[in-house]
Every structure is written in structure tokens, then in C-alpha cells.
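Just dropping this structure here.
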Amino acid sequence: MSANESPAGQQQTGQTGTYDSAFLKACRREPVPHTPVWFMRQAGRSLPEYRKVREGIAMLDSCTRPELVTEITLQPVRRHGVDAAIYYSDIVVPLKAIGIDLDIKPGVGPVIERPIRSRADLEQLRDLEPGDVSYVTEAIGMLVRELGTTPLIGFAGAPFTLASYLVEGGPSRNHERTKALMYGDPQLWADLLDRLSDITAAFLKVQIEAGASAVQLFDSWVGALSPADYRRSVMPASAKVFEAVAPYGLPRIHFGVGTGELLGLLGEAGADVVGVDWRIPLDEAARRVGPGKALQGNIDPAVLFAPREAVETKAREVLDAAAGLEGHVFNLGHGVLPNTDPDALTRLVEYVHEQTAR
Ligand SMILES: Cc1c2[nH]c(c1CCC(=O)O)Cc1[nH]c(c(CCC(=O)O)c1C)Cc1[nH]c(c(CCC(=O)O)c1C)Cc1[nH]c(c(C)c1CCC(=O)O)C2
């Protein structure tokens, strides 16, 4: 039995030696040497070394260069000593890879040239083939060699969040066009989400087969929906993604913002780990999610702008609320904010490790 295999030999990852990491143990709800920590959006944004290597290179171009992707993914691991790396990419990368005309505008986010609003527009969404993202396979191959026993998290945008960008044409506060389509043409909506679920599943499979040790599905904007609408109009597509990657036996994390009322359903969709934002304490989140799942979260990313003592008080609150959980991965409740002091992140990792060392 090699180091990356479970006793049942279930884990078939290309990344050897990560099976006994604190991060994967916590995801599997096993005892851990310390509470593992990583940060959503840890790669990029707040790091000066990121801004330096990205100089003059557009965001989406940077995602297609394996050496650069490897370097940017490793930067927060080196600097902060986090327990997992997250693959440097973006949720719109697979859409770009199948030929959707889109760009990421600095300070704005993804912008789609021809939004998808009619049945004819669906034609833009063909299946994703591994060859469309060969740079991902190459980068992950390099990364898992460099990372050693530190697990790599692969990720993708969930069908609803991708649909929101595609239908609105860009970031949206109220998702009005998206909801108009969802309520006004349920069949077209279902077909759109189904196509996106196939693309998303294919993109996650590429990352897993290249060596990722876990995957996270970002349904960042799904908190805009009621539980009934989520269950009816979104959950089948997200569940299809989770089912498609279930045979690999790797932890599957599911995260959205403002999802207090949806936490149970996010787990039910097929996640092993449910990500929680900062609006709900983790003990209450555990009651909503129910047994058999680990939780990830959930310090407010804005807290990192407060003095060190305040950050530690908040981190302590998170750890106390997590004390009775079956498994806990420490994280922020959403991504690192762009102007965060990187040293505050490093100190937070140290604090959580110290406080939880067993
Ligand atoms: C909604 C969403 C997107 N992208 C992503 C999400 C889900 C997470 C979340 O809810 O925040 C996911 C994402 N995007 C990026 C990563 C890299 C890995 C990581 O560090 O987590 C991840 C996991 C890189 C990125 N993605 C983006 C950047 C910044 C662009 C740049 O540096 O030029 C990075 C490093 C751009 C992006 N891409 C997107 C937005 C809203 C933005 C912000 C626009 C901006 O701040 O300029 C779409």
C-alpha cells in the first residue's frame, strides 16, 4: 500500500504522500495533529510576489502558463505555511477553453461578450475535452511534484454561479436576468445547468486525474436563492457534478456565500465538506448540515484588517464553535480581500496551529 492510499485502496490520486495530511484527515473526519488551515483566494491578490510575477500578463493568459501557475499556487504555501494549496485558475477558465468569448476585467471580474439568454445561445456551450485544458494537466503535474505531502485542491465554479455570469454577461448584484430565465423558461434553464454540470465535471476530472487531492465546487452566488428554488432548479445540476467525481473517493467541498438557509442542501447535493461563511457559527452550521459531513470556515475576511488581538479573539471563537465538529478545516468565510496584509494571514495560520496542536 503506498502512502497515498487508504486502507481500502480507494484514493487513486497522482499526488502521493498526501493521504495522512491534516487537511485530508479533517475532510475525512478523522483525528488530526492540528486543525488544518487554508484560505480561499490565498493565491494572488494580497501577495506582492504575485503582483510581481503577474506584471504585464493578463489574468486569463496567466492561467494557461504552467510554470507561472505553479509558482503562483506555491507562493501562499511557502509564505503562510498553509495546510493545502489551491490551484491557481479561475471559475471561467473552462468556459474560455470551450471558446466562450470572455475576459476578466481587473477590479470587475468576468465579462461575457455574448451572454446566453436563448436556446440558440446554448450552442456556445460544447463539451470540454481534456485536450482543451492541457496546460492544467501540465501545471498540476509540476505542482504535485513540488508540493510533496501538501495536498492540492482542484476547483470549479458550480453550474448556478457560472450560469449567473453567462446570463448576466458579468458580475451582478441581484441576478435578475438569471432569475428571469430560471422562473420564465424552466426547461431552457435546466438544459443550461445540465450542460454546465457536464463541463464542470469534466474540468474537475482533468484536475483529479492530473493529481489533485481534493476538489471544491464554488457556488459563490447561490445564496441568492430560497431553499425551495435551490432544490428544484439548481441542486440536480450540482449533484450531477458531485456524482461524476464520487468514484475517485477524494473529498468534495461545497461552498457558497450567504447560504445559511441552504447549508443542509449543500451537503445533500453530495459534498463531504460544507463550506460556511461568517454569518453562522460553526456549531449552528453543524446542526443545519447534520451528521456525516466535515465543515470548512469561517472567519470574516474583513476581520483581518483589525489588530492582531481582535483577529485572534475571532479565530478563538471559530475554534470554540468548531470544538464538537466531526471534522473542521479552518478557512475564511469567503476569499481573502485584495488589500489584506499578508502577515496577518501568516500569523493566523500560526495561531490556529498553536491553539490546536495535539
Ligand atoms: C466568483 C469567483 C470568480 N473566481 C473564483 C470565484 C469563486 C470564489 C469567490 O466566490 O470569490 C475563484 C477563483 N479565482 C481565482 C482563484 C485562485 C485560487 C485561489 O487563490 O483561491 C479562485 C479559486 C483567481 C483570481 N480570479 C480573479 C483574480 C484577480 C484578477 C487579477 O489579479 O488580475 C484572481 C487572482 C478575478 C476574478 N474572478 C472572479 C471574480 C469575482 C474576480 C475578481 C475581480 C477582481 O478582483 O479583479 C470570478
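As the structure lists them, so they are numbered: ligands from 1, and atoms in each ligand from 1. No hydrogens, no waters, no symmetry mates; every other heavy atom, side chains included, goes into these values. As the structure is a computational prediction, the values presented were derived from the model and not from experiment.
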Heavy atoms from other residues, nucleotides or ligands near NZ of K314 exceed 12 (cutoff 6.0 Å): no
For atom 23 (C) of ligand 1, closest protein heavy-atom neighbour: F155 CZ, 3.4 Å
Polar side-chain atom of N174 near backbone of E176 as donor-acceptor pair, under 3.5 Å: no
Donor on one side chain, acceptor on other, Y230 and E261, under 3.5 Å: no
Heavy-atom nearest neighbour of atom 48 (C) of ligand 1 within options G170, G275, P110, C63: P110
Atom indices of ligand 1, in the order listed, that fall short of 4.0 Å to a heavy atom of I104: 36 (C)
Path from L345 to L337 over hydrophobic side-chain contacts below 4.5 Å: no
Donor-acceptor pair between W189 and Y183 side chains, under 3.5 angstrom: no
T73 side chain to Y88 backbone, donor-acceptor under 3.5 Å: yes
Identity and distance of the protein heavy atom lying nearest atom 9 (C) of ligand 1: H334 NE2, 3.1 Å
Pairing residues for E71 by the side chain to side chain donor-acceptor pair (under 3.5 Å) criterion, not counting sequence neighbours: Q75, R78
Heavy-atom nearest neighbour of atom 15 (C) of ligand 1 within options G44, S89, G109, G107: S89
Minimum-distance protein heavy atom relative to atom 38 (N) of ligand 1: D90 OD1, 2.7 Å
Geometric N/O contact A43 with ligand 1, under 3.5 angstrom: yes
T346 side chain to H80 side chain, donor-acceptor N/O pair below 3.5 angstrom: yes
Heavy-atom nearest neighbour in the protein, as seen from atom 10 (O) of ligand 1, with distance rounded to 0.1 Å: S220 OG, 2.4 Å
Heavy-atom gap R51 to ligand 1 smaller than 4.0 Å: no
Backbone or side-chain N or O of Y88 under 3.5 Å from ligand 1 N or O: no
Over all atoms of both residues, closest heavy-atom pair of A163 and L192: CB-CD2, 4.1 Å
Residue selection (non-hydrogen contact nearest atom 35 (C) of ligand 1) among Y87, F255, F39, Y50: Y50
Top protein contact for atom 43 (C) of ligand 1, by heavy-atom distance: R45 NH2, 3.8 Å
Minimum non-hydrogen distance to atom 12 (C) of ligand 1, winning option of V108, I91, I153, T161: I91
Side chains of D83 and H34, donor plus acceptor under 3.5 Å: yes
Identity and distance of the protein heavy atom lying nearest atom 29 (C) of ligand 1: M59 SD, 4.4 Å
Ligand 1 contacted by R54 (non-hydrogen, < 4.0 Å): yes
Listing, residues 97-114 side-chain donor-acceptor contacts under 3.5 Å, not counting sequence neighbours, or none:
none

Distance from atom 28 (C) of ligand 1 to nearest protein heavy atom, with residue and atom: R41 NH2, 3.6 Å
P106 contact mode with ligand 1 (heavy-atom cut-off under 4.0 Å): backbone
Y165, any N or O under 3.5 Å of ligand 1 N or O: no
